Amino acid sequence: MAEKTSFPKVDFVPATAEDYEEVMSISGGIYNGVDYLPFRYHAWLKDPQRRMFLAKCEGKVVGFESFILVDDGTTAVMQGLRIAPWMRGRGLAGLIQKFCFNTLHSDHPEVKRARLTRAENPPAAMLTKYKVINSKAVMPLHLPADRLEAVLNLMESRVNDLDRSKNLTILGAEEILRFFEESKSREELLSGGLLVQGWLPLTTHKSNLNLLLRRQIVWIYSHPGDSNDSASSSRVTTSCGGTQAYLQGFLSLGTPAYPIPLAEGVHRLDIDLFGNDPSCAKVHILQQLKIAVQALPAGIGIICILHADESLRTELGQLCEGVTPFHVMKEQMIMEMEI
């Protein structure tokens with residue numbers, strides 16, 4: 001397909017395994033080296049729910065985009081947008097979006113909305129089309145291989161008796177399904193009914209469950225009232241900012257750590273937190289880190305990206321004080337538009 005633009009000619013074609021190197025060549029420096037696409041690209045090609053496209057100009061790859069059909073096929077989540085450096089600021093991103101939407105209209109007419117995640121300060125033009133439906137604080141940390149044990153010990157020393165009173169349950173497939181079925185738990189913890197895992201924003205529609213289970217995520221849950229001090233599970237605490245009511249229960253999702261372009265011997269770990277109890281948040285982060293570190297080969301460091309309710313930023317900052325921050329983003333925004 002070709003479109004008339006300020007470029008000589010733009011063609012859109014399906015992406016293939018053979019296009020990997022060219023796509024990577026236009027992705028240099030994205031997300032300050034913690035880009036997920038190099039690791040995900042070939043797995044995405046095998047996903048029957050996903051479609052991947054290239055934009056080509058004069059035979060060269062100048063753009064990339066993909067979408068995955070979720071929510072029982074009614075939503076397309078846009079992921080992986082890439083624009084070649086020499087083509088940025090010339091309208092190519094809008095052209096790629098138009099092509100994807102035309103493809104959705106023609107091939108997937110059941111799709112009613114598009115959804116995506118962005119870091120803070122999205123382009124003004126995007127805000128005129130998309131509605132921001134949720135946002136979370138993002139706290140990226142650098143844990144070098146030779147500091148992993150020291151960092152875990154440091155965090156452990158900052159977990160007090162109240163924090164330790166929170167019981168944690170690692171959920172298996174049946175328990176995850178039960179969580180999806182318990183509407184009260186979902187509504188309490190998931191703002192807007194969204195479960196965002198590793199920057200993939202999903203509703204808790206049962207059709208999304210298989211997609212999540214395939215990702216080998218570590219699910220940890222603190223049940224409401226399930227603690228060594230049951231009175232603490234529904235506390236109301238007064239701080240300098242006023243009275244804070246904590247939600248019932250807490251959920252965390254840990255992505256298996258995977259290699260990134262930043263440097264050899266560095267992997268990325270995303271920990272998504274759901275709930276606003278700082279005691280739960282601390283012990284969940286510590287447990288997710290311990291599980292991830294145990295699974296790492298020797299000599300591997302981590303860029304750990306925490307995604308949490310904005311109200312937790314200060315206390316999690318205190319938990320992580322002395323751990324090197326990694327500057328890539330501060331906020332995760334979930335955006336949606338009807339199509």
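Owing to the predicted nature of the structure, the values given are computational and were not obtained by experimental measurement.
Taking NZ from Lys60 and CG from Leu54, the interatomic distance works out to 15.0 Å, rounded to the nearest 0.5 Å. In this structure, OG on Ser25 lies 11.0 Å from OH on Tyr20, to the nearest 0.5 angstrom. Rounded to the nearest 0.5 Å, atoms CD1 (Ile176) and CG (Leu253) are 8.5 Å apart. With rounding to the nearest 0.5 angstrom, the CD1 atom of Ile68 is 5.0 Å from the CD atom of Gln49. To the nearest 0.5 angstrom, Phe53 atom CZ is 9.0 Å from Ser66 atom OG. Between the OG1 atom in Thr314 and the CG atom in Leu319 there is a gap of 12.5 Å [rounded to 0.5 Å].
What you find for Val111 and Arg113 is that their closest heavy atoms are CG1-O, 3.5 Å. The minimum heavy-atom distance between Leu92 and Val62, with the atom names listed, is CD2-O, 3.5 Å. The minimum heavy-atom distance between Leu306 and Cys304, with the atom names listed, is CD2-SG, 3.7 Å. The heavy-atom pair separating Pro109 from Lys112 by the smallest distance is O-NZ, 3.7 Å. In terms of heavy atoms, Ile96 sits closest to Gly63 at CD1-CA, 4.0 Å. Summarising the geometry of Gly275 relative to Leu312, their closest heavy-atom pair is O-CD1, 3.6 Å, with the distance given to 0.1 Å.
In Asn153, the CG atom is crowded: over 12 heavy atoms of neighbouring residues, nucleotides or ligands sit closer than 6.0 Å.
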- Mind running side chain to side chain contact (heavy atoms under 4.5 Å, CB included) on Leu251 and Trp219 for me, showing each step along the way? CA-CA 7 Å; Leu251 175 71; Trp219 296 63; 4.1 Å; yes

- Task: Check the pair Lys166, Asp277 against salt bridge (Lys or Arg N to Asp or Glu O under 4.0 Å), reporting the backbone distance first and the verdict last.
- Result: CA-CA 10 Å; Lys166 303 299 181 179; Asp277 186 330; 3.4 Å; yes

- Under the side-chain hydrogen bond (donor to acceptor under 3.5 Å, both in side chains) criterion, do Thr169 and Glu175 qualify, and how do the steps go? CA-CA 10 Å; Thr169 301; Glu175 293 161 309; over 6 Å; no

- Message: Before you tell me yes or no, could you show the steps for Leu37 and Val23 under side chain to side chain contact (heavy atoms under 4.5 Å, CB included), namely the whole-Å CA-CA distance, both residues' side-chain angles and the distance that decides it to 0.1 Å?
- Response: CA-CA 9 Å; Leu37 189 58; Val23 174; 4.0 Å; yes

- Message: Could you go through Phe12 and Phe99, starting from their C-alpha distance and side-chain angles, then the distance that decides it, and tell me whether this counts as ring-ring contact (aromatic ring centres under 6.0 Å, His included)?
- Response: CA-CA 8 Å; Phe12 293 98; Phe99 169 79; 4.4 Å; yes

- Tell me, with the steps shown, if Ile271 and His307 meet side chain to side chain contact (heavy atoms under 4.5 Å, CB included). CA-CA 6 Å; Ile271 301 176; His307 310 81; 5.8 Å; no

- Item | Steps toward salt bridge (Lys or Arg N to Asp or Glu O under 4.0 Å) verdict (Arg178, Glu181) | CA-CA 5 Å; Arg178 196 173 305 125; Glu181 292 174 339; over 6 Å; no

- How far apart are the C-alpha atoms of Leu286 and Val159, what are their side-chain angles, what is the distance that settles it, and do they pass the side chain to side chain contact (heavy atoms under 4.5 Å, CB included) test? CA-CA 9 Å; Leu286 190 58; Val159 174; 4.0 Å; yes

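When only modelled atom types and interatomic distance are considered, Ser207 and His205 share a side-chain donor-acceptor pair under 3.5 Å. Inspection of the Glu110 and Thr74 side chains reveals no N or O donor paired with an N or O acceptor under 3.5 Å. Residues Ser252 and Gln288 bring a donor and an acceptor atom of their side chains to less than 3.5 Å of each other. Side-chain N/O atoms of Thr203 and Asp71 include a donor and acceptor closer than 3.5 Å.
The side-chain heavy atoms of Pro201 and Val77, taken from C-beta on, include a pair separated by under 4.5 Å. Between Ile260 and Phe39, the closest side-chain pair of non-hydrogen atoms is not below 4.5 Å. You'll find the side chain of Leu200 stays beyond 4.5 Å of the side chain of Val196, heavy atoms only. At least one side-chain heavy atom of Tyr41 sits under 4.5 Å from a side-chain heavy atom of Phe64. No side-chain heavy atom of Leu190 sits less than 4.5 Å from a side-chain heavy atom of Leu194. At least one side-chain heavy atom of Val10 sits less than 4.5 Å from a side-chain heavy atom of Leu95. Side-chain contact check for Arg268 versus Tyr258: some heavy-atom pair is nearer than 4.5 Å. Taking the side chain as every heavy atom from C-beta outward, Gln287 and Ile285 never approach each other to under 4.5 Å.
Judged by the 6.0 Å and 45° rule, Arg82 forms a cation-pi pair with Tyr36.
Side chain of Ser222 to main chain of Cys280: no donor-acceptor pair is present (N/O by atom type, distance under 3.5 Å, no hydrogens or angles). Counting only distance, with no hydrogens or angles, the side chain of Asp270 and the backbone of Gln197 share no donor-acceptor pair below 3.5 Å. Put simply, the side chain of Arg88 gets close to the backbone of Ile83: a donor and an acceptor are under 3.5 Å apart.
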Which donor-acceptor pairs under 3.5 Å do side chains of residues 126-152 form with protein atoms, sequence neighbours excluded?
residue, atom, partner, partner atom, Å
Thr128, OG1, Ala125, O, 2.5
Tyr130, OH, Gln97, OE1, 3.3
Lys136, NZ, Leu273, O, 2.6

Below 3.5 Å, can you tabulate the donor-acceptor pairs from side chains in residues 329-338 to any protein atom, sequence neighbours excluded?
residue, atom, partner, partner atom, Å
Glu336, OE1, Arg115, NE, 2.8
Glu336, OE1, Arg115, NH2, 3.1

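Arg50 is linked by a salt bridge (Lys or Arg N to Asp or Glu O under 4.0 Å) to nothing, counting only residues two or more places apart in sequence or in another chain.
For an aromatic pair to be called close, the ring centres must be under 6.0 Å apart, and Tyr221 with Phe250 fails this.
A salt bridge links Asp107 to Arg51: one of the charged nitrogens lies within less than 4.0 Å of a carboxylate oxygen. Remark: Arg158 does not engage Asp163 in a salt bridge, criterion side-chain N to carboxylate O under 4.0 Å. Salt-bridge formation is not detected for the pair Glu156/Lys282: no Lys NZ or Arg NE/NH1/NH2 atom is positioned less than 4.0 Å from an Asp or Glu carboxylate oxygen.
Under a hydrophobic-cluster definition in which Ile, Leu, Val, Met, Phe, Trp and Tyr are linked whenever side-chain heavy atoms come within less than 4.5 Å, directly or via other members, Leu209 and Leu171 are assigned to the same cluster.
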